[in-house]
**Student:** 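What follows is a single structure, and I will ask about it in a moment.
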Amino acid sequence: MAIMIAIRGQDAEPWVKCFTERLPNHSIVLEGSHTQPELVRFGVSWQHEPGSLARYKNLAAIFSLGAGVDHILADPKLPSVPIVRSTNPDLSNRMSEWVLLHVLAHLRQYRKYDRQQSQKVWKDDRSQPSAEEIHVGVMGLGMLGLNAANKLKMVGFDVAGWSRTPKNIPGIECFSGSTDLEHFLARTDILVCLLPLTPETKGILNKRLFLQLRQGGPLSGPILLNAGRGELQSEDDIITSLDEGILRATTLDVFEIEPLSTDSPLWLHPAVTITPHNAAMSDPSAIVAEIAKQIEAYERGEPLQNVVKHTIGY
Ligand SMILES: NC(=O)c1ccc[n+]([C@@H]2O[C@H](COP(=O)([O-])OP(=O)(O)OC[C@H]3O[C@@H](n4cnc5c(N)ncnc54)[C@H](OP(=O)(O)O)[C@@H]3O)[C@@H](O)[C@H]2O)c1
């Protein structure tokens, strides 16, 4: 029984090594290299070539190497088998590190003091607000958003969250659905987007939405963080909103087209912080351990966990 790895945009070798060590009784093959595709039972994908999985007629399931599955569902010739996503706690913890780092960097004006240090300027800011005064709004209260929201709460921020379906989370004001969105935005000083990319969420981070964020809060304007997916945002709208004072600053980990073009005005904009889509990197050993457990359980006749609902896209 073979496991086929279909990866683009990153080195497949660490994944092959981890799968070989963890599942020594399975043959591990790279997509395109197997002479008998009918022997492949499980597919493992990160941005696989669209259409390339169609020749594996005996696939039982496709596993995503990350939390997101938009890269799999975008394949118009996707075999009709369960798609399983990763829910490894390692991913949530890494994402929360990124969220805390950048929310706190905006609160404590890290970029300003960094610039001052490079100019040997000693100038403190007596009007530093505290975390309690800042309303953080987390878009997406799933595996990543919930972990980040709880940790932001622990630091002292006034945290709310927005999800598709209603939630009741102690200490976090919960909003859901399109009817609640304006109320959620109206109380938000720092917006943290951890939504999946679906037909409903594509392009949601646009000027119309930014205009609904709380103006005149203690940070002198709303701040956007996005580590969900680049296609959630309009980069033209982000630049315009920064230049028109609708947004005060932004930290982006994801971009409409990656890698971000050297021509993009985002790179040198003084109110933009960029990280190269590494807010929560998938650690091969942690993710492979999770997938291997699922494969072993499936082979014992147990049902797969964390199967994606195709109809809602995540
Ligand atoms: N930058 C990185 O390094 C990195 C790493 C990993 C993942 N990611 C991204 O993070 C995304 C989220 O991951 P996750 O594991 O937290 O996903 P998840 O567990 O599936 O949670 C998704 C959340 O978004 C909400 N949601 C979905 N569609 C919505 C809509 N139309 N309106 C309002 N809320 C909506 C869901 O609401 P319900 O709770 O009501 O279902 C849920 O709370 C991934 O899809 C991926 O794109 C990025």
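Computed from heavy atoms alone, side chains included, the values below leave out hydrogens, waters and symmetry copies. Source: prediction; values computed, not measured. Read the numbers this way: they start at 1 and go in the same order the structure lists the ligands and their atoms.
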**Student:** To the nearest 0.1 Å, how far is atom 4 (C) of ligand 1 from its closest protein heavy atom, and which atom is that?
**Tutor:** M95 CE, 3.5 Å
**Student:** Would you sort out whether R55 and E31 count as a salt bridge (Lys or Arg N to Asp or Glu O under 4.0 Å), showing the intermediate values?
**Tutor:** CA-CA 10 Å; R55 69 194 192 105; E31 199 288 302; 3.8 Å; yes
**Student:** Return the closest protein heavy atom for atom 32 (N) of ligand 1 as residue, atom name and distance.
**Tutor:** W162 CH2, 3.3 Å
**Student:** Which of the numbered atoms in ligand 1 are under 4.0 angstrom from any heavy atom belonging to A67?
**Tutor:** 7 (C), 15 (O)
**Student:** Are any non-hydrogen side-chain atoms of M1 and N25 less than 4.5 angstrom apart?
**Tutor:** no
**Student:** Quick check: does G142 get an N/O under 3.5 Å from an N/O on ligand 1?
**Tutor:** yes
**Student:** Checking the N or O distance criterion of under 3.5 Å, is ligand 1 in contact with L144?
**Tutor:** yes
**Student:** As a check for students: among S86, P199, S163, P196, identify the option with a heavy atom nearest to atom 24 (O) of ligand 1.
**Tutor:** P196
**Student:** Let me check something: do I190 and L104 share a hydrophobic cluster, defined by ILVMFWY side-chain heavy atoms less than 4.5 Å apart, either directly or through other members?
**Tutor:** yes
**Student:** Could you tell me if the side chain of E296 sits less than 4.5 Å from the side chain of L23, heavy atoms only?
**Tutor:** yes
**Student:** Is T201 close to ligand 1, meaning an N/O of one under 3.5 Å from an N/O of the other?
**Tutor:** no
**Student:** So is there a nitrogen or oxygen of L141 less than 3.5 Å from a nitrogen or oxygen in ligand 1?
**Tutor:** yes
**Student:** Less than 4.5 Å apart, side chain to side chain, heavy atoms only: is that true for L181 and F175?
**Tutor:** no
**Student:** Look only at interatomic distance and state if R85 has a nitrogen or oxygen under 3.5 Å from any nitrogen or oxygen of ligand 1.
**Tutor:** yes
**Student:** Measure the CG-CD1 distance between L146 and I169 for me, rounded to the nearest 0.5 Å.
**Tutor:** 5.0 Å
**Student:** Quick one: are P79 and Y56 in side-chain contact, heavy atoms under 4.5 Å?
**Tutor:** no
**Student:** Judged by atom type as modelled, is there a donor-acceptor pair below 3.5 Å linking the side chain of Q119 to the main-chain atoms of Q116?
**Tutor:** no
**Student:** So is N278 polar-close to ligand 1, meaning N/O to N/O under 3.5 Å?
**Tutor:** no
**Student:** Checking a contact table here: which protein heavy atom is nearest atom 48 (C) of ligand 1, and how many Å away?
**Tutor:** A227 O, 3.0 Å
**Student:** Please indicate whether any nitrogen or oxygen in L197 is less than 3.5 Å from any nitrogen or oxygen in ligand 1.
**Tutor:** no
**Student:** For K167, state whether at least one heavy atom is located under 4.0 Å from any atom of ligand 1.
**Tutor:** yes
**Student:** For atom 46 (C) of ligand 1, grab the closest protein heavy atom and report residue, atom and distance to one decimal in Å.
**Tutor:** R229 NH1, 3.5 Å
**Student:** Is G140 in polar range of ligand 1, meaning some N or O pair under 3.5 Å apart?
**Tutor:** no
**Student:** Is there a heavy atom of G228 sitting under 4.0 angstrom from any atom of ligand 1?
**Tutor:** yes
**Student:** Taking both backbone and side-chain atoms of Y314, is any N or O found less than 3.5 Å from an N or O belonging to ligand 1?
**Tutor:** yes
**Student:** How far is atom 37 (O) of ligand 1 from the closest protein heavy atom, and which atom is that?
**Tutor:** R164 N, 3.2 Å
**Student:** Which is closest to atom 11 (C) of ligand 1 by heavy-atom distance: D253, T87, L181, L195?
**Tutor:** L195
**Student:** Do T201 and M139 have side-chain heavy atoms sitting under 4.5 Å apart?
**Tutor:** no
**Student:** How about Q294 and V84: do any of their side-chain heavy atoms sit closer than 4.5 Å?
**Tutor:** yes
**Student:** What's the shortest distance from atom 12 (C) of ligand 1 to any protein heavy atom, and which residue and atom give it?
**Tutor:** L194 O, 3.4 Å
**Student:** Is T198 close enough to touch ligand 1? Criterion: a residue heavy atom under 4.0 Å from a ligand atom.
**Tutor:** no
**Student:** Would you check the N or O atoms of E200, main chain and side chain alike, for any that come under 3.5 Å of an N or O of ligand 1?
**Tutor:** yes
**Student:** Identify the protein heavy atom lying closest to atom 3 (O) of ligand 1, giving its residue, its atom name and the separation to 0.1 Å.
**Tutor:** A280 N, 2.9 Å
**Student:** How far is atom 40 (O) of ligand 1 from its nearest protein heavy atom, and which residue and atom name does that atom have?
**Tutor:** T165 OG1, 2.5 Å
**Student:** Report yes if some heavy atom in the side chain of I287 is under 4.5 Å from a heavy atom in the side chain of S282; otherwise report no.
**Tutor:** yes
**Student:** Nearest 0.5 Å, please: how far is NZ in K17 from CD1 in I28?
**Tutor:** 13.5 Å
**Student:** Do L78 and H48 have side chains that get closer than 4.5 Å, going by heavy atoms?
**Tutor:** yes
**Student:** Tell me which donor-acceptor pairs under 3.5 Å the side chains of residues 156-164 have, and how far apart each pair is, sequence neighbours excluded?
**Tutor:**
| residue | atom | partner | partner atom | Å |
| --- | --- | --- | --- | --- |
| D158 | OD1 | R187 | NH2 | 2.6 |
| W162 | NE1 | G177 | O | 2.9 |
| S163 | OG | T165 | O | 2.7 |
| R164 | NE | Y314 | OH | 2.7 |
| R164 | NH2 | Y314 | OH | 3.4 |

